[in-house]
Amino acid sequence: EFDLEALELETSLISDEEKDSVKNYQRYKLTENGVSPRAYPGQLKGEVVLADSDEHDEYGHIIEDAEKRRNMVDKRMKKFQMIKQEEVKEPEYYGNEDIYYLLIGWGSTHGPLMEGLELLNREDYNVGYLSFSDLWPLPVDRLREIADNEVKAVVVENNSTAQFARLIRGETDVKIDESILKYDGRPFTGREIYNRFKEEVINNASK
C-alpha cells in the first residue's frame, strides 16, 4: 500500500498562508528556474489573475515587445530544461551486456517485448531490450551508451510510420537499422515479435 503520509507535494501554487503577503501579482513572473508562482482566480484579494495564450508580459497582458518576448521564451525553455534534467526517466535496459541486437520499445509493447526477448535469447541471438516510459523530452544518455556502432538497433512499435524511430533519428545520432511495425488495431504478442525478428531482421541481413 502507498504511504500517503510520506508523500511530499511540490507545487508552484501560492498557499493560503502565503496569499496575504502577495502584492502586485505577476502570473508569469520571471524566475530563476522558469516556474512562476501560481494563484487561482479570487485567491488574492485585490489582485487579478490573467492567463493568456498569446505572447504576454509578466502580468499576462498581450505584448509585441521583442525583448519581453525573448524573456518569456527563455523562461519557458528553463522549465523545459528542468523537466529534462530532473523529471524525465532514462529507459530501462533488459538483457546481457554484450549484445549484437538491441530491441527498442515504449508503452504497451513492453510485455510482448520482454517475452520476445526471452524467446530470442533462448536461441542465443544475443539480444537486449531498451524500454522507454518517457518520450519527450527524449532521454538519450542510456540509448547512446548501448546503441553504439557495433549494435544493430530495431524499434518495435504499433503504428505505420515508425514514429518513435523517426524521433530517435531526429534527436540523436543513433542509427536505427530496422523497424518492426504493426498497425491493424491489435497488439503485438511475444511470439509474433520473435517470429518477425527472425524473418525481417535476421533473414534480411543474410540476403
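Taken from CG in L117 to CG in L103, the straight-line distance is 6.5 Å, to the nearest 0.5 Å. If you take OH on Y194 and CZ on R122, they are separated by 9.5 Å, rounding to the nearest 0.5 Å. To the nearest 0.5 Å, the span separating CG on D20 from CD on E17 amounts to 9.5 Å. Separation of atoms CZ (R169) and CZ (F164) is listed at 11.5 Å; rounding is to 0.5 Å. A distance of 5.0 Å separates CG in L143 from CD1 in I104, rounded to the nearest 0.5 Å. Atom CZ of R186 sits about 5.5 Å away from atom CG of D184, to the nearest 0.5 Å.
Around CD of E92, the count of heavy atoms belonging to other residues, nucleotides or ligands within 6.0 Å does not exceed 12. Sparse packing is recorded around NZ of K175, with 12 or fewer heavy atoms of other residues, nucleotides or ligands lying under 6.0 Å away. Within 6.0 Å of the CD atom in E64, the count of heavy atoms belonging to other residues, nucleotides or ligands does not exceed 12.
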TODO: Apply salt bridge (charged side-chain N to carboxylate O under 4.0 Å, His left out) to the pair R27 and D52, showing each step before the final yes or no.
DONE: CA-CA 10 Å; R27 170 62 187 88; D52 203 297; over 6 Å; no
TODO: Determine, stepwise, if the pair K152 / E178 fulfils side-chain contact (heavy atoms from CB on, under 4.5 Å).
DONE: CA-CA 8 Å; K152 294 189 178 300; E178 299 281 351; over 6 Å; no
- [ ] Please assess E145 against R142 for the test salt bridge (charged side-chain N to carboxylate O under 4.0 Å, His left out), listing each intermediate value before the final yes or no.
- [x] CA-CA 5 Å; E145 177 187 340; R142 194 78 172 111; 3.0 Å; yes
- [ ] Tell me, with the steps shown, if E55 and K68 meet side-chain contact (heavy atoms from CB on, under 4.5 Å).
- [x] CA-CA 9 Å; E55 196 55 273; K68 289 181 180 178; over 6 Å; no
TODO: Starting from the C-alpha separation in whole Å, work towards a yes-or-no answer on salt bridge (charged side-chain N to carboxylate O under 4.0 Å, His left out) for E86 and K78.
DONE: CA-CA 12 Å; E86 300 179 10; K78 286 180 181 178; over 6 Å; no
Open item on the list: As a quick check of understanding, evaluate salt bridge (charged side-chain N to carboxylate O under 4.0 Å, His left out) for E157 and K182, giving each step before the final call.
Closed with: CA-CA 7 Å; E157 50 185 323; K182 185 173 183 178; over 6 Å; no
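Using a 4.5 Å cut-off between side-chain heavy atoms of Ile, Leu, Val, Met, Phe, Trp and Tyr, with links allowed through other members, L13 and V22 fall into different hydrophobic clusters. There is a path of hydrophobic side-chain contacts, each under 4.5 Å, that joins Y101 to Y129. Neither W106 nor L181 shares a network with the other; the hydrophobic side chains, linked directly or stepwise wherever heavy atoms of I, L, V, M, F, W or Y lie under 4.5 Å apart, form separate groups for each. Note on L138: it clusters hydrophobically with I176, by side-chain heavy-atom contacts below 4.5 Å among ILVMFWY residues. A single hydrophobic cluster is seen to contain both L130 and I168, as judged by linkage of ILVMFWY side chains at heavy-atom distances under 4.5 Å, directly or through other members.
Under the 3.5 Å distance criterion, the side-chain polar atoms of D177 are left unmatched by any main-chain donor or acceptor of V154. The backbone N or O of V174 sits less than 3.5 Å from a side-chain atom of T172, completing a donor-acceptor pair. Side-chain atoms of N121 come within 3.5 Å of backbone atoms of V127 as a donor-acceptor pair (strictly under, hydrogens ignored). Counting only distance, with no hydrogens or angles, the side chain of R69 and the backbone of H56 share no donor-acceptor pair below 3.5 Å.
For the pair P139 and F132, the minimum side-chain heavy-atom distance is below 4.5 Å. In this structure, the side chains of P137 and I83 come closer than 4.5 Å at one or more pairs of heavy atoms. E118 places none of its side-chain heavy atoms less than 4.5 Å from the side chain of M114. Proximity of D57 to Y28: side-chain heavy atoms (C-beta onward) are nowhere separated by under 4.5 Å. Looking at heavy atoms from C-beta onward, Y100 lies out of side-chain contact with V151 at the 4.5 angstrom threshold. At a threshold of 4.5 Å between non-hydrogen side-chain atoms, the residues L167 and Q163 do not count as touching. Using a 4.5 Å heavy-atom threshold, the side chains of I146 and I99 count as touching. Contact of the K198 side chain with the E123 side chain is registered, since non-hydrogen atoms from C-beta on lie closer than 4.5 Å.
Closest approach of F80 and W136 over heavy atoms only: CE1-NE1, 3.7 Å. In plain terms, the two heavy atoms of N158 and P187 that are nearest each other are ND2-CA, 4.4 Å. The two atoms that bring R144 and D173 nearest to each other are NE-OD1, 3.4 Å, heavy atoms only. Contact record, I180 with F188: O-CZ, 3.7 Å, taken as the closest heavy-atom pair. Contact record, A162 with N159: N-OD1, 2.8 Å, taken as the closest heavy-atom pair.
Residues S15 and E18 have side chains that bring a donor and an acceptor to within less than 3.5 angstrom of each other.
In this structure, H110 has its ring center under 6.0 Å from that of Y94.
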Show every donor-acceptor pair shorter than 3.5 Å between a side-chain atom in residues 30-51 and any protein atom, with sequence neighbours excluded, or say none if there are none.
unit_1	atom_1	unit_2	atom_2	d
T31	OG1	N33	OD1	3.3
T31	OG1	G34	N	3.1
T31	OG1	V35	N	3.1
T31	OG1	V35	O	2.9
N33	OD1	V35	N	2.9
S36	OG	K29	N	3.2
S36	OG	K29	O	2.7
S36	OG	K75	NZ	2.6
R38	NE	S12	OG	2.8
Q43	OE1	Y40	N	3.3
Q43	NE2	I14	O	2.8
E47	OE1	Y25	N	3.1
E47	OE2	N24	N	2.8

